[in-house]
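What follows is one structure encoded as structure tokens, with my remarks underneath.
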There are 2 protein chains.
Amino acid sequence: MELAQGKQKFIEAWGRLGSEWGINRTMAQVHALLLISPEALTTEEIMEQLSISRGNANMTLRDLIGWGLIEKQHRAGERKEYFYAEKDVWLIARQVAQERKKRELDPVLKVLNELSSIKGDEKDPEYKTFKKSVGDINKLAKNVDKTLATMMKAEESWFWGSIFKMFK
Amino acid sequence: MELAQGKQKFIEAWGRLGSEWGINRTMAQVHALLLISPEALTTEEIMEQLSISRGNANMTLRDLIGWGLIEKQHRAGERKEYFYAEKDVWLIARQVAQERKKRELDPVLKVLNELSSIKGDEKDPEYKTFKKSVGDINKLAKNVDKTLATMMKAEESWFWGSIFKMFK
DNA sequence: ATTAATTTTCAATATTTTTTGAAAGTTCAA
DNA sequence: TTGAACTTTCAAAAAATATTGAAAATTAAT
């Protein structure tokens, strides 16, 4: 396979994966494009390479900055802004984990905790089943939460090293 | 908070989380409803409680069966089908992990492996960056893959026990 | 201050995804 | 076999989400 073809495939695959996981396809594709670009790109170049509009490019780039995945760069004597992607994949993974934890897991944990404190008749099967399921999910979610928090502070080699030692 | 109110909140929260993670909102809500039901429910009851159409209920229930999260039950002398959700949360987590791995992670790993084998000029920054990023993502994805495979076979207490020992 | 380059905004439009509901299909007891 | 109970299908409609593009806002050099 040719490099140019490979790039296309990578951008497509990343976009598909993103949309299956609740991330806007275009956002994943812009990220993919920047990930494999040695140099920072301008909005113009991104628009052209992915055939998207200026408005779309602008909003998507802003979101990616919000996720901490890319940064704006300025060049002396130039008005244009350049965009460059963080290339450290472990850092990216932690960044995404952190954002999704904050935006999605934390709010659910809050609700689960509220729901865990509902009182009722222990003889009522409706109440018992509700309490059991909510309680179990709450415990699982807390474990996930703690693990993510640790992962966010960890070095990649240490993290996977420990995982695989544990699974040996 | 009342139990009835709590149930509503749980169904809503589960639906929201589902849609943020690429799972159809209705599917997550039907699953939530069944999770907190001590008894199996009929299509009719599900339609009514969630205010959804027969067609929607039917398709959603079939999907949930496909994910291995609920099962059909028959009752002697009755024509109607009843639906009952697996209540073991750890089993549910493993089931979901397994399905998503199969449907989404495995295809991406296949593409990444192909892309990793592309040859090119080591002096070309375009090639070098492509190769590095794809290679790094590939490694990370393989680690995730192995960890999920182990999790799928593991007992809950053992799994979290090991995780937290490791992070101590 | 002016202006040309560039970025941002957002109402309108397009696309994708989900849902509906009625018709067709199936099942089984009589 | 018939027909009532129930399930499945799927084309059409609705809802949700993403994208466009042109106008407005911003910026910085002169």
Side-chain angles (χ1 to χ4, degrees), chain A residues 11-12 14-34 40-67 69-84 100 103-104, chain B residues 11-34 40-67 70-84 100 103-104:
Chain A
I11 290 168
E12 264 172 48
W14 213 235
R16 191 163 346 106
L17 189 67
S19 63
E20 284 163 345
W21 286 84
I23 283 155
N24 175 306
R25 205 181 99 255
T26 300
M27 182 164 145
Q29 290 186 335
V30 171
H31 185 225
L33 174 61
L34 288 172
L41 302 180
T42 63
T43 302
E44 214 72 38
E45 291 168 317
I46 292 164
M47 285 165 58
E48 197 200 345
Q49 296 221 37
L50 300 178
S51 310
I52 62 177
S53 71
R54 186 174 302 285
N56 195 2
N58 184 272
M59 284 181 151
T60 298
L61 288 164
R62 187 204 298 152
D63 284 353
L64 283 168
I65 291 171
W67 279 79
L69 298 177
I70 67 173
E71 60 173 36
K72 273 190 195 177
Q73 285 184 349
H74 289 280
R75 293 193 182 180
E78 291 222 46
R79 287 284 305 279
K80 281 198 281 277
E81 288 171 329
Y82 287 78
F83 297 91
Y84 184 79
R100 299 203 76 156
R103 298 178 193 200
E104 295 146 19
Chain B
I11 291 168
E12 265 172 48
W14 213 235
R16 192 165 345 107
L17 189 66
S19 64
E20 285 163 346
W21 285 84
I23 284 155
N24 176 307
R25 204 181 99 257
T26 301
M27 182 164 145
Q29 290 187 334
V30 171
H31 185 225
L33 174 62
L34 288 173
L41 301 180
T42 63
T43 302
E44 214 72 38
E45 291 168 317
I46 292 164
M47 285 166 59
E48 197 200 345
Q49 295 219 39
L50 300 178
S51 309
I52 62 175
S53 72
R54 186 174 302 285
N56 196 3
N58 184 273
M59 283 181 150
T60 298
L61 288 164
R62 187 203 297 153
D63 284 353
L64 282 168
I65 291 171
W67 279 78
I70 68 174
E71 59 173 37
K72 273 189 194 175
Q73 285 183 349
H74 290 280
R75 293 194 183 180
E78 292 221 47
R79 289 283 305 278
K80 281 198 282 275
E81 289 172 329
Y82 287 77
F83 298 91
Y84 184 77
R100 298 204 77 156
R103 298 177 191 201
E104 296 146 18

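Chain A is the first sequence line, chain B the second, and so forth, proteins listed ahead of strands; every chain is numbered from 1. Scope of the values below: all heavy atoms of this structure, side chains included, with no hydrogens, waters or symmetry mates.
The nearest whole Å value for the distance from the CD atom in Glu78(B) to the P atom in dA4(D) is 20 Å. Atom pair His74(B):NE2 and dC6(D):C1' shows a separation of 12 Å (rounding to whole Å applied). Rounding to whole angstrom units, CE of residue Met59(A) and P of dT17(D) are separated by 15 Å. The interatomic distance linking Leu61(A) (CG) with dA18(D) (P) rounds to 16 Å, in whole Å. Between Leu41(B) atom CG and dC6(D) atom P there is a gap of 16 Å when expressed in whole angstrom units. As a whole-Å value, the separation of Asn24(B) CG from dT20(C) C1' is 14 Å. As rounded to whole Å, 12 Å separates atom C1' of dT18(C) from atom CG of Asp63(B). Ile23(B) has its CD1 atom 15 Å from the P atom of dT17(C), to the nearest Å.
You won't find any donor-acceptor pair under 3.5 Å spanning the side chain of Arg79(A) and the base of dT6(C), going by distance alone.
A distance of 9.0 Å separates CG of Leu34(A) from CD1 of Ile11(A), quoted to the nearest 0.5 Å. Here Arg75(A) contributes atom CZ and Thr42(A) contributes atom OG1; the two are 9.0 Å apart, rounded to the nearest 0.5 Å. The structure places CG of Leu33(A) at 12.0 Å from OG1 of Thr26(A), a figure rounded to the nearest 0.5 Å. Here NE2 of His31(A) is found 12.5 Å from OG1 of Thr60(A). Values are rounded to the nearest 0.5 Å. One finds the CD atom of Glu81(A) at 9.5 Å from the CG atom of Leu61(A) (value rounded to the nearest 0.5 Å).
Around the CZ atom of Arg25(A), the shell of radius 6.0 Å holds no more than 12 heavy atoms that belong to other residues, nucleotides or ligands. For Glu48(B), the CD atom sits in a loose shell: 12 or fewer heavy atoms of surrounding residues, nucleotides or ligands are nearer than 6.0 Å.
Looking at which nucleotide of DNA chain C each of Arg25(A) and Lys72(A) is closest to, the 5′-most match is held by Lys72(A).
Remark: Thr26(B) is in phosphate contact with dT19(C), judged by side-chain N or O atoms under 4.0 Å from OP1 or OP2. Close to dT7(D), at under 4.0 Å from its OP1 or OP2, lies no side-chain N or O of Asn58(B). Contact check, Thr43(A) against dT6(C): no side-chain N or O comes under 4.0 Å of OP1 or OP2.
Contacts between residues 44-57 of chain A and DNA chain C, defined by a heavy-atom separation under 4.0 Å, are made by Arg54(A), Gly55(A).
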